[in-house]
Amino acid sequence: MSSTKFKPFVAPEVKMKELTLKSILLGCIAGVIFGAATVYLALKAGLTVSASIPIAVIAITLGRKFFKTTILENNIIQTTGSAGESIAAGVVFTLPGFLFLSANELGVSTGEAYFDYVTILILAIFGGILGTLMMIPLRRSLIVKEHDTLPYPEGTACGSVLKAGEKGGEFAKTAFLGLGFALAYALLQKVLHVIAEVPTFMTRQANKIFPSAKVSGEITPEYLGVGYIIGPRIAGVLVAGGVLAWLCLIPLLASLIPGEVIAAQLVKLGMLADLNTAGGSGGWDPATRTFGDYSSAIYQAYVKQIGAGAVAAGGFITLLKTIPTIVSSFRDSLGSLKEKNQANAVPRTEKDISFKVVIFGSIALILLMAFLPQLPGDSIWNKLLIGLLVVIFGAFFVTVSSRIVGLIGSSNNPISGMTIATIMGTCLIFISVGWTGKVFEPMALVVGGMICIAAANAGATSQDLKSGYIVGATPKNQQIALFIGAIVSSLVIGWTVHILDTPTAEMAAQGIKHAIGTEKYAAPQATLMATLVKGILSFNLDWQFVLVGVFIAITLELCGVKSLSFAVGAYLPLATTLPIFIGGAIRGLVEWKQKRSGVQLSAEEEELGKGNLFATGLVAGGAVAGVIVAILSVNDNVAGGLAKVNAEHGLSRFLGSGGYQLLGVLFFAVMGYTLYRIGRQKQTSIDKL
């Protein structure tokens, strides 16, 4: 189907309630809740949960029933609310790094003074606004012109959820069947722990043939659903990167590098206190000088840096390939500046915020960063350079982020990889102008933090605009809602970070001033970012691993393979990409069976096919369950109650550890088979509705 012939669910000429007070308020409430939950998850384990689809489900089930909202109002609700999750992820992945920068002469981090509510609030708002601003001129090229080539899985799924709720009948039934299935599965997995969360098979380090090779899968409904939505081709390239990392590089390095050398590298990266302290990635044992899990230790010590280099190179190559499209997009946007009194001639579904807002908004961000005293920098000129770098890197990585989530979804957007590339570039620029030493570390982290927030928000914004394009929303209204959502959610995100950072009485008695950075809230991503800043500005970074990743990406491009998807797979754990691949393989099998049977579906029928709707429900249900469990786990009493109903230990004693994991695989297989059977069911024609 050509995107020029695409017909949205709500026609451009239809007038319907959209940007209303109730839709904005409901969206802000959802953004606050999901933003707070994301802060907790990201601090605890470096993980996030996509919010757009769960919010859309809430809008359909509650908004329509109690507030009589229209489909376009429901779309505004999820658009406004999704900003909270994405901005929270960007904040937590970077800004706690202020606490881990080099210590000054008093033994206090040079960035600790900037880890306050006001500074976090300013950076969160600025980063969120930047991500939305840069997506305004890109909407036409990435969302409209590449509608057929960039699936934007969560955005497409969210659009399908909104349409299914509006159509009702069989469509709504199929989507909510998937939602119910996922919630029941998640109850067994995340609450009762009847289903293992990450079944793992790993060879021993002592294995002389294939040491520390690990195959694992986070067998959740949302990953299976995302895989089905993106399809077999992208899912296959994605998992190929994981195969290279976990079944090629890690076994090779495990056979060559002694355990103490790996541990020393983790100490250097800030992931292990010292060689005489137990714990860290892979479970270091100082008594035996070995790891409990060599595979995870090598991944964190070496392979993740290789993956970051590959993601940075893949993103740059992608940008080079898409320059004609980007130039065309900006030319169209600049052309819109000349359309002064022609607003009525533009269809409602093509009305964006004026490109003037992008230009003057970017200039305003640079000036505000230069003059606000809460941001690091010794002079206005220092801060002006920071502002310029933020806008330049922002324009680049917003584009890259949008294309990445267009391929594999926001849940797998490697914003930490893009942040690593930003920090590297910023630090190299600092070094080139003679800015080295501890005093410049907070400035570099500010640039990385704002780009991380902007890239995360741009990914979510892209999915929202895709949903809006499908249902027939007004882009300008969505963009206004995104700005509002970014500001309101930022008010709560900074507060949540500081609440969780408050040490307990026991911690305070031990002299601990910050709960973040302890075992309770490890903040792994932020620790890594701070380590990179310190390493580069002190000329102490392992460039060899980064460059290996760069040339892996170049090799793939020379072989005719799109390097970005592969690089993302190499950067992410195989536990993430393997279940996504299984979902894609199921989609491929369904399509192969349909082709053999001579079944031909229109684009809209395929989009609203039973398999796609059920997969959408799986993504929504899994995400909703993850957020609910995260919210409940914040309360110690509730967390203690959940621990009492944990069946893992009992099942492991009865079935054995291997048997317990096999039971989880069987449950996942049943879910996969259910998805396949529903995908094979005959679809009701759109015309018969």
For [X] against [Y], the heavy-atom pair lying closest together:
X: F355; Y: P137; answer: CE1-CB, 3.6 Å
X: I143; Y: K466; answer: CG2-CA, 3.9 Å
X: S563; Y: I317; answer: OG-CD1, 4.2 Å
X: I536; Y: C427; answer: CG2-CB, 3.3 Å
X: G485; Y: S489; answer: O-OG, 2.7 Å
X: K438; Y: S102; answer: CG-CB, 3.7 Å

Between the side chain of [X] and the main-chain N/O of [Y], is any donor-acceptor distance below 3.5 Å?
X: T79; Y: Q478; answer: no
X: N382; Y: G377; answer: no
X: T474; Y: K476; answer: no
X: Q305; Y: A301; answer: yes
X: S401; Y: V398; answer: no
X: K383; Y: L372; answer: yes
X: T132; Y: I129; answer: no
X: S462; Y: S402; answer: no

Could you measure the distance from the [atom1] atom of [X] to the [atom2] atom of [Y]? Nearest 0.5 Å is fine.
X: L385; Y: F430; atom1: CG; atom2: CZ; value: 6.0 Å
X: L491; Y: I125; atom1: CG; atom2: CD1; value: 5.5 Å
X: L445; Y: M450; atom1: CG; atom2: CE; value: 12.5 Å
X: R139; Y: D464; atom1: CZ; atom2: CG; value: 13.0 Å
X: N457; Y: L130; atom1: CG; atom2: CG; value: 9.0 Å
X: I77; Y: T69; atom1: CD1; atom2: OG1; value: 5.0 Å

Practice task
Run the numbers on F115 and V497 for side-chain contact (heavy atoms from CB on, under 4.5 Å), then give the verdict.
Solution key: CA-CA 10 Å; F115 193 67; V497 168; 3.6 Å; yes
Exercise for the section: Please lay out, stage by stage, how F393 and V447 fare under the test side-chain contact (heavy atoms from CB on, under 4.5 Å). Expected result: CA-CA 9 Å; F393 280 121; V447 178; 4.2 Å; yes
Exercise for the section: Run the numbers on I420 and Y571 for side-chain contact (heavy atoms from CB on, under 4.5 Å), then give the verdict. Expected result: CA-CA 12 Å; I420 289 170; Y571 180 80; 4.2 Å; yes
Handout entry: CH2 (W435) with more than 12 external heavy atoms under 6.0 Å
Key =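 It does: W435 CH2 has more than 12 such atoms within range.
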Handout entry: Heavy atoms from other residues, nucleotides or ligands near CZ of F360 exceed 12 (cutoff 6.0 Å)
Key =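 Not more than 12 within 6.0 Å, no.
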When you compare the side chain of [Y] with that of [X], does any pair of heavy atoms fall below 4.5 Å?
X: L99; Y: I516; result: yes
X: L123; Y: L375; result: yes
X: P376; Y: E441; result: no
X: E112; Y: L101; result: no
X: I386; Y: V446; result: yes
X: I353; Y: F483; result: yes

Handout entry: Test log, rule side chain to side chain donor-acceptor pair (under 3.5 Å), inputs D352 and Q479
Key = CA-CA 8 Å; D352 290 283; Q479 290 153 0; 2.8 Å; yes
Practice task
Evaluate the criterion side chain to side chain donor-acceptor pair (under 3.5 Å) for residue pair T119 and D116; output intermediate values, then yes/no.
Solution key: CA-CA 6 Å; T119 303; D116 58 26; 2.7 Å; yes
Problem - Residues V39, V91; criterion side-chain contact (heavy atoms from CB on, under 4.5 Å); working and verdict - result: CA-CA 8 Å; V39 168; V91 166; over 6 Å; no
Exercise for the section: Go through the structure and list residues passing salt bridge (charged side-chain N to carboxylate O under 4.0 Å, His left out) with D501, not counting sequence neighbours. Expected result: none
I'd like a table of donor-acceptor pairs (distance under 3.5 Å, sequence neighbours excluded) in which one partner is a side-chain atom from residues 19-30, with atom names and distances.
{"unit_1": "T20", "atom_1": "OG1", "unit_2": "S23", "atom_2": "N", "d": "3.4"}
{"unit_1": "T20", "atom_1": "OG1", "unit_2": "S23", "atom_2": "OG", "d": "3.2"}
{"unit_1": "T20", "atom_1": "OG1", "unit_2": "E73", "atom_2": "OE2", "d": "2.7"}
{"unit_1": "K22", "atom_1": "NZ", "unit_2": "F67", "atom_2": "O", "d": "2.7"}
{"unit_1": "S23", "atom_1": "OG", "unit_2": "E18", "atom_2": "O", "d": "3.2"}
{"unit_1": "S23", "atom_1": "OG", "unit_2": "T20", "atom_2": "N", "d": "3.1"}
{"unit_1": "S23", "atom_1": "OG", "unit_2": "T20", "atom_2": "O", "d": "2.8"}

Exercise for the section: On the 0 to 90° scale, with breaks at 30° and 60°, tag the Y114-F98 ring pair as parallel, tilted or perpendicular. Expected result: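 The rings of Y114 and F98 sit tilted, inter-plane angle from 30° to 60°.
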